[in-house]
Amino acid sequence: MELDTLAANMGVGYDCKGSISVPIYQTATFQHPALNESTGFDYSRSGNPTRLVLEKGIAALENGNIGLAYPSGMSAITNVFMFLGYNSHLIMTEDIYGGTYRLLNEILNQYHIEATYVDTTNLQEITNAIQEDTAAIFIESPTNPLLKVCDLKAIAQIAHQNNILLIVDNTFLTPYLQNPLQLGADIVIHSASKYLGGHNDLIAGLVAVKDQEIGDKLYFWQNSTGSILSPHESWLLLRGIKTLGIRMEKQQQNAVSLARWLQNHPQVTRVYYPGLPDNPGYLLNLKQARGYGAMISFEVRTPELIPRFLEHIELISFAESLGGIETLVTFPYTQTHGDINEETRNSLGINNRLLRLSIGIEDQKDLIQDMEVALS
Ligand SMILES: *Cc1c(COP(=O)(O)O)cnc(C)c1O
């Protein structure tokens, strides 16, 4: 079945009464039919029917076999890193989500999980960074916030030749546009707080894997550390996912128009969007994904334009996060990437003239009008 069909029908008929919307099994525990017997559910940390529908759902959307639902994207990422084990080395995309960077550099380094940051669009840099204790390559594609495209198939090959896992944070493109497991990745992670939830109303994380052994081990970690999504949040996320396809289509359509419009604006010096044919990642992205998503970063002429822009937007909200139906703008320099030291930020291009837009489903005429005023 195709993704739109799977998504829209997630959980339909799961309940014995035939309800279309899967019930919220708001229970901590379950009756045992008899000694040594179980309905399949014993205690909601270990398994809950509402969460299970979601977990099976994300596995299906990502062409995996096992799905897991966590209370946030960061808890999903933490569990995956912890599962790699003590003394693990990681190779990471250099312009990675700031929270992932903070987790590694301020917390997991204390547990001897260390990372080397490289430009993962450059395969040679990845190969050069491999050490004896390298356990995984962790990438985002497109990257955050500069939207650089990494060659997933080629990186998977490098990883597997060296007995290393490839982990992909697929938050930006979602399974609607990109399926990393099909391109060779071993573990796919989502901050479902973004496009999958889609309405800026929940925090959640999802993981999908193909390999049963990795899946079982991750489940063991999840259950043991208690990193689980609640039944209510699972239900809300399921409801969001049902409209993933039509939201992504509209958001992407708006993003293409806005990126072109920004490119022609005199106050804008640079536009980062893999959907623009002159973007260096344009062709590679089309080879491995079905679209370019709806995240755009752009640089304005002077730093003084930034506070003016943020003050004068009326429709667009100045807020962290992304992926929802409302258009949001962030200033990565102090927001999402504020935990990265200044020199690194500047050398990456995450400077004090850069803004990142998450395009929503509004009418693009209104979005353009709002930006026109704010940039004037
Ligand atoms: C938001 C985000 C995360 C963290 O997810 P939370 O749900 O906020 O914990 C991780 N990776 C990417 C790419 C993100 O955008």
Side-chain angles (χ1 to χ4, degrees), residues 95 140-149 171-174 176-178 194-195 198-200 243-283 285-286 289-302 305-333 335-337 349-376:
D95 57 323
E140 291 175 14
S141 185
T143 62
N144 181 8
L146 299 176
L147 300 150
K148 291 193 279 192
V149 181
T171 299
F172 273 28
L173 287 190
T174 81
Y176 184 71
L177 297 175
Q178 176 167 273
K194 315 295 168 57
Y195 288 101
H199 295 74
N200 288 319
T243 54
L244 175 67
I246 51 170
R247 283 188 283 108
M248 286 307 289
E249 287 294 341
K250 175 78 196 249
Q251 285 172 269
Q252 176 168 278
Q253 201 184 325
N254 279 349
V256 171
S257 304
L258 263 108
R260 288 199 192 121
W261 181 83
L262 281 166
Q263 235 181 353
N264 291 319
H265 198 284
Q267 301 284 42
V268 175
T269 49
R270 194 161 175 179
V271 180
Y272 298 91
Y273 182 58
L276 292 171
D278 59 358
N279 182 287
Y282 178 76
L283 288 176
N285 187 68
L286 278 187
R290 291 175 291 276
Y292 350 92
M295 298 299 299
I296 304 172
S297 290
F298 68 99
E299 240 174 54
V300 290
R301 225 168 21 79
T302 65
L305 287 167
I306 300 274
R308 235 170 68 190
F309 180 89
L310 296 176
E311 201 177 310
H312 288 113
I313 40 171
E314 280 191 0
L315 168 64
I316 299 171
S317 295
F318 174 35
E320 271 181 61
S321 202
L322 61 108
I325 53 177
E326 304 91 354
T327 297
L328 306 182
V329 63
T330 55
F331 182 47
Y333 189 69
Q335 290 186 297
T336 49
H337 293 71
I350 307 171
N351 59 35
N352 62 359
R353 290 178 294 121
L354 186 80
L355 288 170
R356 190 194 72 185
L357 285 167
S358 167
I359 307 298
I361 63 165
E362 301 92 340
D363 192 306
Q364 56 181 258
K365 288 194 291 290
D366 294 320
L367 292 173
I368 286 173
Q369 199 195 348
D370 203 39
M371 300 234 284
E372 181 74 75
V373 172
L375 279 173
S376 64

Worksheet item: Hey, what do you get for CZ (R353) to OG1 (T269), rounding to the nearest 0.5 Å?
Response: 5.0 Å

Worksheet item: Would you say the side chain of P145 lies within less than 4.5 Å of the side chain of H337, judging by non-hydrogen atoms?
Response: yes

Worksheet item: Within the distance-only criterion (no hydrogens, no angle test), does the side chain of T143 pair as donor or acceptor with the backbone N or O of E140 below 3.5 angstrom?
Response: no

Item to complete: Could you check if a side-chain atom of V329 sits within less than 4.5 angstrom of a side-chain atom of F309, using non-hydrogen atoms only?
Response: yes

Worksheet item: Does F331 offer a backbone N or O that forms a donor-acceptor pair with the side chain of Q335 under 3.5 Å?
Response: yes

Practice prompt. Mind listing the closest non-hydrogen atom pair of A259 and V271 along with its distance?
Written response: O-CG1, 4.1 Å

Practice prompt. Apply the test side-chain contact (heavy atoms from CB on, under 4.5 Å) to residues E299 and N351: give CA-CA distance (whole Å), side-chain angles for both, the deciding distance (0.1 Å), then the verdict.
Written response: CA-CA 9 Å; E299 240 174 54; N351 59 35; 3.3 Å; yes

Practice prompt. Heavy atoms only: give me the nearest I350-P332 pair and the separation to one decimal.
Written response: CG2-CB, 3.9 Å

Fill in: Mutual orientation of the aromatic rings belonging to Y292 and Y282 [parallel < 30°, tilted 30-60°, perpendicular > 60°]
parallel

Discussion item. Quick check for you: to the nearest 0.5 Å, what is the distance between F298 atom CZ and Q267 atom CD?
Written reply: 11.0 Å

Item to complete: Give a yes or no on this: more than 12 heavy atoms of other residues, nucleotides or ligands lie within 6.0 Å of atom CZ of R270.
Response: no

Item to complete: Report yes if some heavy atom in the side chain of N144 is under 4.5 Å from a heavy atom in the side chain of T171; otherwise report no.
Response: no

Discussion item. Between Y195 and L173, is the side-chain contact (heavy atoms from CB on, under 4.5 Å) condition met? List the steps.
Written reply: CA-CA 8 Å; Y195 288 101; L173 287 190; over 6 Å; no

Practice prompt. Quick one: pull up CG in L258 and CD1 in I359 and give me the separation to the nearest 0.5 Å.
Written response: 4.5 Å

Fill in: Polar side chain donor-acceptor pair, Y176 to E249, under 3.5 angstrom
yes

Worksheet item: Pairs in or reaching into residues 247-266: which pass ring pair (Phe, Tyr, Trp, His ring centres under 6.0 Å), with residues at least two apart or in two chains?
Response: W261-H265

Response to the item:
residues 355-364 vs salt bridge (charged side-chain N to carboxylate O under 4.0 Å, His left out), sequence neighbours excluded, gives D363-K365

Response to the item:
Taking every heavy atom of L147 against every heavy atom of P274, the minimum-distance pair comes out as CB-CD, 3.9 Å

Discussion item. Do T327 and N254 make a side-chain contact, defined as non-hydrogen atoms from C-beta onward lying under 4.5 Å apart?
Written reply: no

Discussion item. Keeping Q251 on the side-chain end and G360 on the backbone end, is there a donor-acceptor pair under 3.5 Å?
Written reply: no

Item to complete: Just do the side chain to side chain donor-acceptor pair (under 3.5 Å) check on S257 and Q364 with the steps written out, would you?
Response: CA-CA 8 Å; S257 304; Q364 56 181 258; 2.9 Å; yes

Worksheet item: Going by heavy atoms in the side chains, are V268 and Q263 under 4.5 Å from each other?
Response: no

Practice prompt. Show the numbers, then the answer: is there a side-chain contact (heavy atoms from CB on, under 4.5 Å) between I325 and K250?
Written response: CA-CA 9 Å; I325 53 177; K250 175 78 196 249; over 6 Å; no

Fill in: Nearest non-hydrogen partners of E326 and N200, listed with the distance
OE1-ND2, 2.8 Å

Discussion item. As an exercise, state the distance from CD1 of I306 to CG of N352, rounded to the nearest 0.5 Å.
Written reply: 7.5 Å

Fill in: Heavy-atom side-chain contact between R247 and H199 under 4.5 Å
yes

Worksheet entry | Closest approach of Q178 to S141 (non-hydrogen atoms, all atoms of both residues) | NE2-O, 3.1 Å

Discussion item. With rounding to the nearest 0.5 angstrom, report the OG to CG distance, S297 to L355.
Written reply: 8.5 Å

Item to complete: Check whether any side-chain heavy atom of L146 sits under 4.5 Å from a side-chain heavy atom of L354, and report yes or no.
Response: yes

Practice prompt. Report yes if some heavy atom in the side chain of V300 is under 4.5 Å from a heavy atom in the side chain of L375; otherwise report no.
Written response: yes

Discussion item. Ignoring hydrogens, what is the shortest heavy-atom contact between G281 and V149? Give both atom names and the distance.
Written reply: O-CG2, 3.6 Å

Under 3.5 Å, which donor-acceptor pairs do the side chains of residues 310-324 form with other protein atoms, sequence neighbours left out?
unit_1, atom_1, unit_2, atom_2, d
H312, ND1, R308, O, 2.9

